[in-house]
Amino acid sequence: MNSVDRLVRTMNPLLHGGAYVFCVLAPGATVPAGAIAVFREEEATTIVIEHNDAEAVRLDPLYVAAWITLTVHSELDAIGFLAAVTNALAAGGISCNVFSAVNHDHLFVPYEQGQRAVEILRALQLSA
């Protein structure tokens, strides 16, 4: 079994409760303590934060998402794993934003499609 097959077979998607939002910080703004992801680009700093935490610090959500963690210990150099995952979601009509960390891959899908996305991922897992 190759690495991709093993990762797909053992990915075990976990849907976190709540809604998570992508927000842009004003230049020089401090990253709120509740941010779960931060990415600094030349144009702006993007954060992902729980919706209620964003409201508490008056951040405007640009995208509301469900957060799914692929609980398999991912391999940062695995070729094709995320392609298999995102292709399955795309075939189901679900867009996906991915953050890869050292231990796991994290998927952010439209909030209202979170449960359906997990069902698609579990079907992919069973078919591997």
Side-chain angles (χ1 to χ4, degrees):
M1 170 175 25
N2 71 35
S3 177
V4 171
D5 290 340
R6 182 184 55 75
L7 290 170
V8 169
R9 186 169 289 131
T10 59
M11 67 181 168
N12 298 323
L14 170 69
L15 178 62
H16 297 265
Y20 294 83
V21 295
F22 283 60
C23 301
V24 173
L25 296 181
T30 301
V31 174
I36 61 167
V38 178
F39 203 93
R40 298 180 199 304
E41 297 177 288
E42 185 176 315
E43 302 86 354
T45 298
T46 300
I47 67 167
V48 179
I49 187 168
E50 202 277 327
H51 192 264
N52 291 336
D53 291 343
E55 285 181 338
V57 293
R58 294 190 169 97
L59 290 173
D60 294 323
L62 301 174
Y63 178 73
V64 181
W67 172 20
I68 300 167
T69 297
L70 303 179
T71 62
V72 64
H73 192 282
S74 58
E75 299 169 12
L76 291 172
D77 60 352
I79 297 170
F81 174 55
L82 288 176
V85 167
T86 57
N87 283 338
L89 292 172
I94 298 177
S95 66
C96 179
N97 292 282
V98 178
F99 279 81
S100 294
V102 170
N103 294 303
H104 305 287
D105 294 300
H106 305 275
L107 313 177
F108 294 89
V109 301
Y111 178 72
E112 63 281 353
Q113 294 180 317
Q115 187 58 49
R116 186 162 166 263
V118 168
E119 292 166 6
I120 289 170
L121 294 172
R122 288 185 179 145
L124 174 64
Q125 183 177 354
L126 291 172
S127 72

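Index from 1, following the sequence. Quick caveat, the model's predicted, so the values are computed rather than measured.
- Judged as a ring pair (Phe, Tyr, Trp, His ring centres under 6.0 Å), the pairs with a partner in residues 7-30 (not counting sequence neighbours) are, in order, His16-Trp67, Tyr20-Trp67, Phe22-Tyr63, Phe22-Phe108.
- Among pairs with a residue in residues 113-128, those fulfilling side chain to side chain donor-acceptor pair (under 3.5 Å) read Asn12-Gln125, at least two apart in sequence or across chains.
- Both Leu15 and Leu124 are members of a single hydrophobic cluster when ILVMFWY side chains are connected at heavy-atom separations under 4.5 Å.
- Residue Ile79 qualifies as open at atom CD1: its count of foreign heavy atoms under 6.0 Å is 12 or below.
- Put simply, CG on Leu82 and CG on Asp105 are 4.5 Å apart, with the number rounded to the nearest 0.5 Å.
- By the rule that hydrophobic residues join a cluster once side-chain heavy atoms approach within less than 4.5 Å of another member, Val72 and Val109 end up as members of one cluster.
- Here the straight-line distance linking atom CE of Met11 with atom NE2 of His104 works out to 14.5 Å at 0.5 Å rounding.
- Rounding to the nearest 0.5 Å places CG of Leu59 at 6.0 Å from CD1 of Ile49.
- No continuous path of hydrophobic side-chain contacts links Val24 to Val57 [ILVMFWY only; heavy atoms under 4.5 Å].
- A distance of 8.0 Å separates CD1 in Ile36 from OG1 in Thr69, rounded to the nearest 0.5 Å.
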>> Apply side chain to side chain contact (heavy atoms under 4.5 Å, CB included) to residues Thr45 and Arg40 and explain how you reach the verdict.
In response: CA-CA 4 Å; Thr45 298; Arg40 298 180 199 304; 3.6 Å; yes
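- Note that CG of Leu126 is 11.0 Å distant from CG of Leu121, once rounded to the nearest 0.5 Å.
- Taken to the nearest 0.5 Å, the CD1 atom of Ile94 stands 12.0 Å off from the OG1 atom of Thr86.
- Listed here is the closest heavy atom pair of Val64 and Ala19: CG1-CB, 3.9 Å.
- Of all heavy-atom pairs between Leu76 and Ala101, the closest is CD2-O, 3.4 Å.
- Here Glu75 pairs with Ser3, Arg6, Leu7, Asp77, Ala78 under the side chain to side chain contact (heavy atoms under 4.5 Å, CB included) rule; sequence neighbours left out.
- If you chain together hydrophobic residues whose side chains sit under 4.5 Å apart, Val21 and Val31 fall into the same group.
- Put simply, the side chain of Glu41 never gets that close to the backbone of Glu43: no donor and acceptor are under 3.5 Å apart.
- Among Asp53, Ile47, Val38, the single residue meeting the side-chain contact (heavy atoms from CB on, under 4.5 Å) criterion with Pro32 is Ile47.
- More than 12 heavy atoms of other residues, nucleotides or ligands sit less than 6.0 Å from atom CZ of Phe99.
- Closest approach of Pro61 to His51, counting heavy atoms only: CG-NE2, 4.1 Å.
- Cluster membership for Ile68 and Val98, using ILVMFWY side-chain heavy atoms within less than 4.5 angstrom, is shared.
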> Given Val48 and Asn97, is the side chain to side chain contact (heavy atoms under 4.5 Å, CB included) satisfied, shown in steps?
Replying inline: CA-CA 11 Å; Val48 179; Asn97 292 282; over 6 Å; no
